[in-house]
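The next block holds one structure in the form of C-alpha cells; read it before the comments.
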Amino acid sequence: MNTNQKVVESYLAAFRRLDLDGLMRHFAEHGVYVNLLPGPFASPLGGVHGRDHIRQVFQPVLGALVRNDYINSRTYTTPDDDELVLVENTCDMEFPNGTVYRGFMLYRFEVVDGKIQKLTELVTDPQQQLAAWQLGQPGFELRG
C-alpha cells in the first residue's frame with residue numbers, strides 16, 4: 001500500500017471513530033470537499049474550500065451519528081497517478097433513534113504530500129440516503 005493510500009485509510013478510520021479532529025488532520029489547509037448530491041448534503045458549486053469550512057460541514061454529520069462502519073471497503077490507485085486514490089464501500093451509519101442507513105459510496109481523493117487536497121463523495125442512491133437521514137435526524141441541516 002502506498003503512502004497516499006495509507007493517508008486515505010487513516011482518514012476512513014477517523015470517520016469510522018466519528019473523530020472530527022482526526023478527519024481534519026488529513027485535509028490540507030486549503031483542501032476542497034465536494035458532494036455532488038442534491039439535497040442537504042450537496043456542497044456549493046465548486047465545493048467547500050478550506051479546512052475550517054470543511055470542519056463546519058462534517059461537525060453536524062458526525063454529531064448526528066452513533067456509529068459509522070464500512071463494509072467491503074476497497075482502496076485503489078493507478079500506476080500512472082498515485083496521488084489519486086479511489087475508495088468504494090458500503091457505508092453503514094446508525095442514528096441515535098436506531099435508524100440505520102446502508103448505502104454504496106464512492107470517494108475520490110486527491111492526496112499530495114500526505115494531505116487530502118480534494119475529496120469528492122458520491123452516493124449511488126441519494127433518495128435512499130435522504131430518507132434515512134430524515135428518519136434518523138428529522139430537520140437535519142448542514143452548515144457551511
Side-chain angles (χ1 to χ4, degrees), residues 1-20 22-95 99-144:
M1 181 179 300
N2 75 30
T3 301
N4 291 334
Q5 281 179 288
K6 289 178 184 175
V7 168
V8 169
E9 290 292 336
S10 180
Y11 169 90
L12 293 172
F15 208 122
R16 212 175 282 117
R17 293 187 311 271
L18 305 175
D19 176 4
L20 182 61
L23 286 177
M24 292 305 107
R25 278 193 290 275
H26 292 87
F27 277 97
E29 182 180 347
H30 300 291
V32 178
Y33 168 70
V34 178
N35 190 324
L36 302 174
L37 293 175
F41 299 102
S43 56
L45 188 61
V48 177
H49 292 257
R51 191 183 308 132
D52 292 338
H53 290 120
I54 295 169
R55 174 181 283 279
Q56 291 174 10
V57 169
F58 279 90
Q59 186 171 16
V61 171
L62 296 182
L65 301 172
V66 295
R67 180 178 59 82
N68 181 62
D69 293 320
Y70 298 115
I71 302 166
N72 298 326
S73 190
R74 294 186 181 108
T75 305
Y76 306 94
T77 59
T78 67
D80 299 335
D81 185 359
D82 69 349
E83 292 179 351
L84 176 63
V85 180
L86 304 174
V87 176
E88 63 178 39
N89 63 42
T90 299
C91 187
D92 196 45
M93 297 177 167
E94 184 177 353
F95 300 91
T99 298
V100 174
Y101 164 68
R102 181 176 283 179
F104 187 71
M105 308 284 285
L106 298 170
Y107 305 93
R108 183 183 190 277
F109 292 86
E110 296 173 29
V111 183
V112 178
D113 296 328
K115 295 291 184 183
I116 299 168
Q117 303 297 316
K118 185 174 183 182
L119 165 56
T120 303
E121 183 176 331
L122 304 161
V123 176
T124 57
D125 191 344
Q127 286 75 27
Q128 176 195 19
Q129 184 188 54
L130 182 57
W133 276 83
Q134 287 173 339
L135 285 173
Q137 290 290 334
F140 177 82
E141 291 183 24
L142 279 179
R143 298 175 296 195

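Predicted, not measured: the structure shown is a model, and the values here were computed from it.
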Using a cut-off of 6.0 Å, state whether more than 12 heavy atoms not belonging to D81 lie near its atom CG. yes
Do F95 and Y101 make the cut of ring centroids closer than 6.0 angstrom? no
Ring-ring centroid check F27 Y33, cutoff 6.0 Å: no
What heavy-atom pair brings [X] and [Y] nearest, and what distance separates the two atoms?
{"X": "V34", "Y": "G47", "answer": "CG2-CA, 3.8 Å"}
{"X": "Y11", "Y": "H26", "answer": "N-NE2, 3.5 Å"}
{"X": "V48", "Y": "I54", "answer": "CG1-N, 3.7 Å"}
{"X": "G22", "Y": "A14", "answer": "C-CB, 3.8 Å"}
{"X": "H53", "Y": "H49", "answer": "ND1-O, 3.0 Å"}
{"X": "T77", "Y": "L84", "answer": "CG2-O, 3.5 Å"}

I would like to know whether F109 and L86 meet side chain to side chain contact (heavy atoms under 4.5 Å, CB included); could you show each step before the answer? CA-CA 6 Å; F109 292 86; L86 304 174; over 6 Å; no
Once salt bridge (charged side-chain N to carboxylate O under 4.0 Å, His left out) is applied, do any residues pair with E121, and if so which ones, sequence neighbours excluded?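 Scan of E121 (salt bridge (charged side-chain N to carboxylate O under 4.0 Å, His left out), adjacent residues dropped) gives none.
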R102/I71 under side chain to side chain contact (heavy atoms under 4.5 Å, CB included): CA gap, chis, key distance, verdict: CA-CA 9 Å; R102 181 176 283 179; I71 302 166; 3.5 Å; yes
Distance check, rounded to the nearest 0.5 Å: [X] atom [atom1] versus [Y] atom [atom2]?
{"X": "T99", "Y": "M93", "atom1": "OG1", "atom2": "CE", "value": "13.5 Å"}
{"X": "I116", "Y": "S10", "atom1": "CD1", "atom2": "OG", "value": "9.0 Å"}
{"X": "N72", "Y": "D92", "atom1": "CG", "atom2": "CG", "value": "11.0 Å"}
{"X": "R17", "Y": "N68", "atom1": "CZ", "atom2": "CG", "value": "11.5 Å"}
{"X": "E94", "Y": "L65", "atom1": "CD", "atom2": "CG", "value": "9.5 Å"}
{"X": "L23", "Y": "L12", "atom1": "CG", "atom2": "CG", "value": "9.0 Å"}

Quick one: do N4 and K6 satisfy side chain to side chain contact (heavy atoms under 4.5 Å, CB included)? Show the steps, please. CA-CA 5 Å; N4 291 334; K6 289 178 184 175; over 6 Å; no
Residues E29, R51: salt bridge by 4.0 Å N-O rule: no
Among R108, Q5, E110, the one residue meeting side chain to side chain contact (heavy atoms under 4.5 Å, CB included) with V85: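 That would be Q5.
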Verify, without hydrogens or angle tests, whether K115 (side chain) and R25 (backbone) share a donor-acceptor contact under 3.5 angstrom.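 At least one qualifying donor-acceptor pair exists.
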With side chains defined as the heavy atoms from C-beta onward, is the minimum distance between D52 and M24 less than 4.5 Å? no
So, E9 versus T75: side-chain donor-acceptor pair below 3.5 Å or not?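 The criterion, which ignores hydrogens and geometry beyond distance, is satisfied for T75 and E9.
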Step by step, work out the side chain to side chain contact (heavy atoms under 4.5 Å, CB included) result for L20 and R55. CA-CA 7 Å; L20 182 61; R55 174 181 283 279; 3.2 Å; yes
